[in-house]
Novice: 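What follows is a structure written as structure tokens; I'll ask about it next.
What you are looking at is a predicted structure, and each value in this text was computed from that prediction instead of being measured.
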Amino acid sequence: MSKERLYLYDTTLRDGQQTQGVQFSTAEKQQIATALDELGVDHIEGGWPGANPTDSAFFDDAPKTRAQLTAFGMTKRAGRSAENDDVLAAVLNAGTKAVCLVGKSHDYHVTHALGISLDENLENIRASIAHIVAQGREALFDAEHFFDGYRDNPDYALACCHAAFDAGARWIVLCDTNGGSQPSVVRDVVTAAINSGIPGANLGIHCHNDTEQAVACSLAAVEAGVRQIQGTLNGLGERCGNANLTSLIPTLVMKEPYANLVEVGVNKDALLGLTRVSRMLDEILNRVPQKQAPYVGASAFAHKAGLHASAILKDPSTYEHVDPATVGNARIIPMSNQAGQSNLRKRLFEAGLDVPKGDPALARILDTVKARESEGYSFDTAQASFELLARRELGLCPEFFEVKRYRVTVERRKNKYDQMVSLSEAVVVVKVDGEKRLSVSESLDETGSDRGPVNALSKALRKDLGRYSAALDDMRLVDFKVRITQGGTEAVTRVIIDSEDASGRRWSTVGVSPNIIDASFEAMLDAVNWRLLHSELAVAE
């Protein structure tokens with residue numbers, strides 16, 4: 001049986017931008033659009049031209065894409081013609097071949113929010129879509145509040161869809177705008193829409209995630225017959241977000257019944273870049289990637305329990321629903337006080353260390369891990385610190401340099417504008433190749449703002465490490481997490497530092513101390529040593 005084509009419509013740049021705290025620049029929109037096009041989506045909704053300068057600028061200088069760039073707007077206002085509606089004109093002036101117009105399909109919103117009659121709303125939909133089609137554009141009708149509208153007045157909700165379809169709309173997109181519908185309801189209502197005379201090949205689904213079911217509702221709609229799915233990267237969107245395309249796409253490509261039912265524009269080669277695209281978006285937003293995100297999260301294929309790791313060594317499919325490499329991700333065997341030798345040997349093997357079963361060093365490493373975790377360390381996420389610990393027990397971790405002492409000060413003083421400001425300064429003395437080196441650094445950035453004592457320490461530590469300094473040029477701190485592991489006046493602080501190099505490789509390190517600066521410096525030392533170790537290994541290879 002031949003597969004039916006299912007079209008992927010991305011609205012990250014429009015609906016995703018409605019996420020609280022998210023505001024893309026024009027350059028960022030261009031970067032995301034290019035990545036989406038390389039991934040293989042069919043439509044890229046660039047925004048609402050005329051609604052804000054950024055969206056208008058994007059359409060003025062949009063990247064060339066295989067995907068259909070789409071402008072978003074609303075149906076004409078009552079009391080004027082489609083030809084004389086300036087808001088509709090701005091959408092058309094974006095010059096895209098596809099235009100998506102949102103219109104009300106819930107009778108309550110028509111009479112209360114718009115304050116017009118039900119018939120006037122139907123005419124607004126019909127005339128607007130007809131005008132778009134007359135301009136030679138592909139028209140999409142975004143039936144806002146459709147599922148709630150169908151619940152309260154099914155005949156009217158369907159009448160809105162038919163007004164657009166009969167006027168020539170290529171796609172009728174059924175929207176679960178409030179995000180409260182259940183998958184079984186979505187399946188039944190989509191079936192009713194098809195039975196009313198709108199083919200599934202002309203129906204799309206747009207779900208919000210207010211009950212954590214946007215992906216499930218979207219898949220239910222596909223099973224019922226829709227052939228377009230709308231969503232966003234990483235599930236961005238207002239309130240709880242939209243259907244997450246980074247979950248939907250691999251499910252559609254690799255899971256039954258979808259893999260044999262439909263064909264999407266993302267092939268298996270493009271799917272290898274899914275994790276990279278997901279993390280690129282988080283990097284643009286300056287957000288830490290969600291570790292437990294399906295398919296693309298750092299913990300999506302992490303196996304902590306010793307029993308699981310033992311089975312994974314024999315057959316990864318025992319605890320993995322797909323091979324992590326198929327989506328550009330990787331398997332992780334974290335180390336913790338729940339770990340056994342199976343976890344340990346697997347993790348060591350991934351670090352390039354083939355330690356035979358029964359080697360006495362394995363027991364020593366496990367004992368050290370468990371002792372450290374009783375003190376407040378956590379190697380569950382700090383994989384780089386664990387590797388250094390293991391290599392030291394195995395005698396395979398060189399000492400690149402020795403820290404002899406360090407000092408950090410924070411001063412509050414008035415600047416020349418009579419404003420109170422902070423200034424952090426650090427002094428670090430290291431011994432490299434038998435020679436002592438003293439480095440002093442302030443934590444001021446290019447704007448003259450203080451970035452704190454940890455930043456000052458990092459700069460001072462890396463300022464002069466002799467022949468090792470060059471290997472650290474592309475290293476940067478991307479996340480800094482602090483947790484108090486014991487309360488009271490004798491609180492112990494755990495610091496986790498995430499670092500990254502120019503290739504995008506990330507590693508995490510941990511430090512623990514009653515003093516937050518000491519804990520930070522310990523984690524920082526591990527980060528630097530891990531980077532140097534892997535630079536040395538790369539050279540050796």
Novice: Within 45 degrees of the axis of the six-membered ring of F349 and under 6.0 Å from its centre: does R345 put its NZ or CZ there?
Specialist: no

Novice: Check whether the side chains of N121 and K104 place a donor and an acceptor atom closer than 3.5 Å, and report yes or no.
Specialist: no

Novice: Side chains of Q213 and N209: is there a donor and an acceptor less than 3.5 Å apart?
Specialist: no

Novice: Can E500 and R476 be counted as an ion pair, charged N to O under 4.0 angstrom?
Specialist: yes

Novice: With no hydrogens and no angle check, do the side chains of D315 and S317 hold a donor and an acceptor under 3.5 Å apart?
Specialist: yes

Novice: If we count only N and O atoms by modelled type, under 3.5 Å, do the side chains of Q228 and Q230 hold a donor and an acceptor together?
Specialist: yes

Novice: For the residue pair H208 and N178, confirm or rule out a side-chain donor-acceptor distance under 3.5 Å.
Specialist: no

Novice: Around atom CD of E83, are there more than 12 heavy atoms from other residues, nucleotides or ligands closer than 6.0 Å?
Specialist: yes

Novice: Ignoring hydrogens and angles, state whether a donor on the side chain of Y295 or T251 is under 3.5 Å from an acceptor on the partner side chain.
Specialist: yes

Novice: Report the residues that fulfil ring-ring contact (aromatic ring centres under 6.0 Å, His included) with W530, sequence neighbours left out, ordered by chain and then residue number.
Specialist: W507, H534

Novice: From the options D152, D148, N153, select the one residue that forms a side-chain hydrogen bond (donor to acceptor under 3.5 Å, both in side chains) with H106.
Specialist: D152

Novice: Any chance the side chains of K255 and H321 put a donor and an acceptor closer than 3.5 Å?
Specialist: yes

Novice: Do NZ/NE/NH1/NH2 and the carboxylate oxygens of K29 and D55 come within less than 4.0 Å?
Specialist: yes

Novice: For R276, is the CZ atom crowded, meaning more than 12 foreign heavy atoms sit under 6.0 Å from it?
Specialist: no

Novice: When you measure from the side chain of N234 to the backbone N and O of L236, does any donor-acceptor pair fall under 3.5 Å?
Specialist: no

Novice: Would D37 and K64 satisfy salt bridge (Lys or Arg N to Asp or Glu O under 4.0 Å), going step by step from the backbone distance to the final call?
Specialist: CA-CA 9 Å; D37 190 48; K64 301 296 182 184; over 6 Å; no

Novice: So how far is it from N242 CG to C207 SG, rounded to the nearest 0.5 Å?
Specialist: 9.0 Å

Novice: Would the number of heavy atoms belonging to other residues, nucleotides or ligands and lying under 6.0 Å from CD of E256 be above 12?
Specialist: yes

Novice: For the rings on W171 and Y9, is their centre-to-centre separation under 6.0 Å?
Specialist: no

Novice: Can you see whether S105 engages H145 through a side-chain donor-acceptor pair at a distance of less than 3.5 angstrom?
Specialist: no

Novice: Counting only heavy atoms not in K268, do more than 12 sit closer than 6.0 Å to its NZ atom?
Specialist: no

Novice: Between D498 and R506 (salt bridge meaning N to carboxylate O under 4.0 Å), is one present in this structure?
Specialist: no

Novice: Can we say R77 and D85 salt-bridge, meaning some charged N sits less than 4.0 Å from an Asp/Glu carboxylate O?
Specialist: yes

